[in-house]
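The next block holds one structure in the form of structure tokens; read it before the comments.
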Amino acid sequence: MISLHKTIENKWRKKWDESKIFESNPDDREKLFLTVAYPYPSGAMHIGHGRTYTVPDVYARFKRMQGKNVLFPMAWHVTGAPVIGIAKRIQRQDPWTLNIYQNVHKVPEDELNKFEEPEYIVKYFSTEYHNVMDSLGFSIDWRREFRTTDPTYQKFVEWQIKQLKNKDYVKKGSHPVKYCVSCENPVGDHDLLEGEGIGINELTLMKFKIDDMYLVTATFRPETIYGATNVWLNPDVEYVKAKVEDEYWLISKKSYNNLSNQKKVEIIEDIEAKPLIGRMVQNIVTQEEHPILPASFVDAEYGTGVVFSVPGHAPADNIALQDLKKDEKLIKEYSLEEVLKDLKSRNVVSLEGYGDFPAEELIEKLGVKNQNDEKLQEATNELYKQEHAKGVMSEHIPIYAGQRVSEVRDVISEKLRNEKKASQMYDFAERPIICRCGNKCVVKILDDQWFMRYSDEKWTKETQNTFDKIEIIPSEVRSNFNYYVGWLHDWACSRRIGLGTRIPWDNKWLIEPLTDSTIYMSYYTIAKYLRNIDPESLNDAFFSKVFLNQDSDDIKVDESLVSQIQTEFNYWYPLDWRLSAKDLIGNHLTFHVFHHTAIFPEDKRPQGIVVFGMGLLEGNKMSSSKGNVILLEDAINTHGADVVRLFLMSSAEPWQDFDWREKEVKGTKRRLEWFVDFANKVSKINNRNLSFKNIKKDIEVKSFINKWMLSQLNQRVKESGEALEVFQTRKALQNGLFLLKKDVDHYLHRIGDDIDDEVAMVLGIVLETWLRLLAPFTPHTCEELWEKYGGEGFISMATYPEFDDSLFDEKVQKSEEIVQGIIDDIHEIKKIVSNEPEKIHLYLAPEWKWSVFDIAREIGKPDIGQIMGKSIKENVHSDKKEIADFAKKISREMTRINYVGHLNEKEILDDAIDYISGEVSAEIIIHEDADYDPENKARNAIPYKPAIYME
RNA sequence: AGGAGUAUGGCGAAGCCUGGUUAAACGCGGCAGACUUAAGAUCUGUUGCAUUAGUUGCUGCAUGGGUUCAAAUCCCAUUGCUCCUACCA
């Protein structure tokens, strides 16, 4: 069964398609070019994606209705590694992967088999994405669609990276990665069985001289070398003598596995730890001699399997030393008595609130019993954190005395490394890290790796300049961008595995997927031409001509075609808006500005960025891998495309996290149904067929409430349009749908059955305007109603409503507020008195009170003295005491009621008297003066708030 | 650990930039009434506490302090949460 919404949606999709109204070509109109980050289609599209792509569609439709020539294109980012992993897992029938793809992404059985081919996965899902985007009614120019593995696109990517290389923004370097030795590949988080999200830490290796070797210790805190008292070896661990460059290092045998992936290390021989215990080593930083002592807590696998001991500042070292001093058997075994006697903690770092040896204090405070106590970890974390954040190098430390630990740590490490007194290695922050193949991962340093030099000072500075001119929505994230522009290190831009384009000058590397996606928005402008050109003729000369207008004899494409292509690029560029999710601020979005800045002249650089929030499902984070998603296709089938669009646009602003709640989605659906009902009601109201073509808009509206309705309509039009201008889809709908509906409800309630020609006309105008207001959000429904009631052409191409100043009247709005306020107050009082009055007397404020209000407004501030003074001076009222009392009272009132000037309350209330009377079920009597006032209520009257007496 | 953002009523969320129009829009949920055989839908009212002639008083916008005649709004500190920190794009 095909539901009603499906029929309408299909009908309009077909009509849009046939009429080609969303295919944008250069013309005389002003252009608007916006793009949203193209999807990486490795799974089915869910409602989170729905929001991401609906925002630009709404904006594109809005701007198109405002008369702009809008280009909204879409493409598929299929370069990268994840699908390779997925394909492998499908190949070996990994149950978890099969389950996700069958049940979450809902891939049919016969398709799933083909997923052993990574290219097929992206092909399958990009086709599905395209279809779902169509079902949501996106106004995309599909002639420009491409995949990033298209040969023509690859030519473009090659051109861009060569441009950067020529500018010296690409360099060679080395880089640590998680690596699986058995797969012989770097691994990402999605390739891991265990250890997701764990980072790689940099450790400083400190050398202690012994014989012809160095005992090489690993530490996070190189500054504590000045507090070293001894070196720990674990007697139960196997150690080796290893050759590193021209030195001999003593390290644990297990650490070799990791270290050998980072340095050239060669094992010379096994070394037994026990004979070394009790011997002395030389601290080559301080030249002091330290003993080697035994400790069981030393992990053979972590770092080098050797650590130096700082009992003053490391709780583990401290407690190990205490343990050792108590262990007579060990002391005897290694004859450590003499050595231990002289061994005392040393201070390195001064920390407020602690004495010289914080490690000791903390052990005592937390009651850590021995080196196997669980609380030891807590003590260590606490102290490391504190000393890094607040610690200062103590006065007796050479060179660094008085400097902050957080500033000096890296300086010390770097200096010692330069002097060859220290070295460096990487290790995981936690262990173990296990690859999906079941083997432990290591940290491998890939040398020969290519980098984008985002740390380059000149490039950074120019990029910052570009950013200063870019409009950023929401403005809060600008500081984040500024931070990233300055902070970005050189970015490893070459990869070993994945789909993608090879680095033209170094074929063993692929260009990393974020690097191949930085300036592709320019590619959209010309993509429709390139698909018909032989990729081999798309050489550098071609792109340099099109994008940079550089002439060359090497261009292999027909000259007139090149010129046409170039004209099209120049028409659409620069990009007006770039939309993307907030997790891409620190990489993609920033890269995109970096690369534009490097390659394009100033007038072709990005103009605006909109950053999106995340999606939640019933309050929980959406995640395909956890199965917590609703597929867009399902949502569209259940609720209809317009309802999905409407909900996604109305429940949160684009940059906020939105929450898909089934209950509220249903509420949204009812709202849209109400709107359709309203349209039908309006069409029947005048007992003849409504036609937008015949609405007479030039009749002068006489009745108050009709004026009010049109004024409200115009206010909503204004606010809605202004909000949408800056991508506030929620605010735009809040005004353009929900508040306007409230107004219309009130209006319908107010006019009751009293429908004359004027009312019919007003309702016609309201409906006609309202449809155009909502067309960017719910295009299918609006097209259908537009056609049904005789709108001209497509509503998608109709004019977006403009604010009509002549129909906007603040005083009319205020008047209705007064009427409503009286009704509310009467209800309030009735509730308290709890008996039904027959007559209600309303007393209007006397003339002099209005004068005082006018004076107060002139003064602008709630300054009682001034108001009083001026009122008395101008002699607005004979009774000065009354003026004084009144002035006191209104100081607060003034700011509260939003005084818009003198209104004729008598007229307003006369007009509304039947309505008020009906609402409160009593006779209403209006008094301009207190001719009948048995309980002396009339004096309570103030402007906009008549006094009330009930009997 | 570092960076950025954020914190509002039963829930979601406006308001904060530009302090007084804020017991705080709008939606969801709750309650009452109308319609209906009934349910649902729809419409009307209500939804911090107190209050039987008034449009009021009290409490209140993470916590603690400050600025001001006046603070949800400005400043400082603290705490919680979210995102990013490099082979996921």
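Worth saying up front: this structure is predicted, and the values here are computed from it rather than measured. Proteins get letters first, then strands, A, B, ... in listed order; numbering begins at 1 in each.
Separating the P atom of B:C17 from that of B:A41 is a span of 41 Å, rounded to the nearest Å. Annotation: B:G40 and B:A34 have their C1' atoms spaced 16 Å apart (nearest Å). B:U56 and B:C61 have their C1' atoms separated by 22 Å, with the value rounded to a whole Å. Across B:A86 and B:C16, the matching P atoms stand 37 Å from one another, rounded to whole Å. For the C1' atoms, the distance from B:A50 to B:U59 is 10 Å, rounded to whole Å. With P as the reference atom, B:A14 and B:A25 are 13 Å apart, rounded to whole Å. Distance check on atom C1': B:A70 versus B:U22 gives 14 Å, rounded to whole Å. Taking atom C1' on both nucleotides, B:C49 is separated from B:A1 by 46 Å, rounded to a whole Å.
No contact: A:Phe481 has no heavy atom under 4.0 Å from any strand. Residue A:Asp659 is out of contact with every strand shown, counting any heavy-atom pair closer than 4.0 Å. Within 4.0 Å of A:Asn735, counting heavy atoms only, lies no atom of the nucleic acid at all. Using a 4.0 Å heavy-atom cutoff across all strands shown, A:Lys741 reaches sugar-phosphate atoms only and no base atom. When heavy atoms are screened at a 4.0 angstrom cut-off, A:Glu512 is found touching no nucleic acid atom at all. Residue A:Ser494 is classed as a base contact, given a heavy-atom separation below 4.0 Å to a base. Across all strands shown, A:Val187 has heavy atoms under 4.0 Å from sugar-phosphate atoms exclusively, and none from any base. Residue contacts for A:Ile826: at a heavy-atom cut-off of 4.0 Å it reaches no nucleic acid atom on any strand shown. When heavy atoms are screened at a 4.0 angstrom cut-off, A:His489 is found touching base atoms of the nucleic acid.
For A:Ile948, the listed nucleotide lying nearest its side chain is B:G54; candidates were B:G27, B:C87, B:G54. Nearest to the side-chain atoms of A:Arg495 among the listed nucleotides B:C87, B:A53, B:U55 stands B:C87. Considering only side-chain atoms of A:Gln449, the nucleotide from B:A86, B:C87, B:C28 that sits closest is B:C87. Across B:U44, B:C28, B:G5, the shortest atom-to-atom separation from the side chain of A:Lys663 is found for B:C28. Among the nucleotides B:C87, B:G5, B:G27, the one closest to the side chain of A:Pro186 is B:C87. Of the candidate nucleotides B:U44, B:C11, B:C28, B:C11 has the atom nearest to the side chain of A:Arg661.
By the salt bridge (Lys or Arg N to Asp or Glu O under 4.0 Å) test, A:Asp933 is found to be paired with no residue, residues two or more places apart in sequence or in another chain being considered. Partners of A:Glu905 according to the salt bridge (Lys or Arg N to Asp or Glu O under 4.0 Å) rule, which considers only residues two or more places apart in sequence or in another chain, do not exist here. Scanning for side chain to side chain donor-acceptor pair (under 3.5 Å) contacts around A:Asn482 gives A:Gln464, with sequence neighbours left out. A:Arg478 pairs by the side chain to side chain donor-acceptor pair (under 3.5 Å) definition with nothing, not counting sequence neighbours. Checked against salt bridge (Lys or Arg N to Asp or Glu O under 4.0 Å), A:Glu673 has no partners two or more places apart in sequence or in another chain. A:Tyr915 is linked by a ring-ring contact (aromatic ring centres under 6.0 Å, His included) to nothing, counting only residues two or more places apart in sequence or in another chain. Taking the salt bridge (Lys or Arg N to Asp or Glu O under 4.0 Å) definition, one finds that A:Asp657 meets it with A:Lys582, sequence neighbours left out.
Aromatic pair A:His175/A:Phe451: centroids less than 6.0 angstrom apart.
Under the 30°/60° scheme for interplanar angles, the aromatic rings of A:Tyr483 and A:Trp487 are found to lie parallel. Ring-plane geometry between A:Trp491 and A:Phe591 is classed as perpendicular, the angle between the planes exceeding 60 degrees on a 0 to 90 degree scale with a lower cut at 30.
Within the 4.5 Å cutoff, the side chain of A:Thr460 has heavy atoms near those of the A:Val485 side chain. For the pair A:Trp76/A:Pro39, a side-chain contact is recorded, criterion being any heavy-atom separation below 4.5 Å from C-beta on.
Remark: A:Gln728 CD to A:Glu653 CD distance equals 5.0 Å, nearest 0.5 Å. Going from atom CG of A:Asn628 over to atom NE2 of A:His46 covers 9.5 Å, rounded to the nearest 0.5 Å.
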Kindly give the atom pairs (protein nitrogen or oxygen, nucleotide nitrogen or oxygen) under 3.5 Å for nucleotides 31-36 of chain B.
none

Got a list of protein N/O to nucleotides 14-18 of chain B N/O distances below 3.5 Å?
{"from": "B:A14", "atom 1": "OP1", "to": "A:Gln656", "atom 2": "OE1", "distance (Å)": "3.0"}
{"from": "B:A14", "atom 1": "OP1", "to": "A:Gln656", "atom 2": "NE2", "distance (Å)": "2.1"}

Practice task
For each nucleotide in nucleotides 73-85 of chain B, reading 5' to 3', give B when a protein heavy atom comes within less than 4.0 Å of its base, S when such contact involves only the sugar-phosphate, and - otherwise.
Solution key: ----------SBS

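The NZ-P distance, from A:Lys178 to B:C87, rounds to 7 Å in whole Å.
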List the atom pairs, with distances to 0.1 Å, where a side-chain N or O of residues 730-745 of chain A and a protein N or O form a donor-acceptor pair under 3.5 Å, not counting sequence neighbours.
{"from": "A:Arg730", "atom 1": "NH1", "to": "A:Ser650", "atom 2": "O", "distance (Å)": "3.3"}
{"from": "A:Arg730", "atom 1": "NH1", "to": "A:Ser651", "atom 2": "O", "distance (Å)": "3.3"}
{"from": "A:Asn735", "atom 1": "ND2", "to": "A:Lys731", "atom 2": "O", "distance (Å)": "3.2"}
{"from": "A:Lys741", "atom 1": "NZ", "to": "A:Asp745", "atom 2": "OD2", "distance (Å)": "2.7"}
{"from": "A:Asp743", "atom 1": "OD1", "to": "A:Gln712", "atom 2": "NE2", "distance (Å)": "3.2"}
{"from": "A:Asp743", "atom 1": "OD1", "to": "A:Arg716", "atom 2": "NH2", "distance (Å)": "3.2"}
{"from": "A:Asp743", "atom 1": "OD2", "to": "A:Gln712", "atom 2": "NE2", "distance (Å)": "3.2"}
{"from": "A:Asp743", "atom 1": "OD2", "to": "A:Arg716", "atom 2": "NE", "distance (Å)": "2.7"}
{"from": "A:Asp743", "atom 1": "OD2", "to": "A:Arg716", "atom 2": "NH2", "distance (Å)": "3.2"}

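A:Thr668 has no side-chain polar atom (N or O) that falls below the 4.0 Å cut-off from OP1 or OP2 of B:G27.
Where stacking is scored as ring centres under 5.5 Å apart with planes under 30°, A:Tyr483 does not register as stacked on the base of B:A4.
Base pairing in RNA chain B yields stems of at least 3 consecutive Watson-Crick or G-U pairs, both distances under 3.5 Å, namely B:1-7 with B:79-85, B:10-12 with B:26-28, B:29-34 with B:42-47, B:48-50 with B:56-58, B:62-66 with B:74-78.
Residues A:Val187 and A:Cys180 come closest through the heavy atom pair CG1-CB, 3.9 Å.
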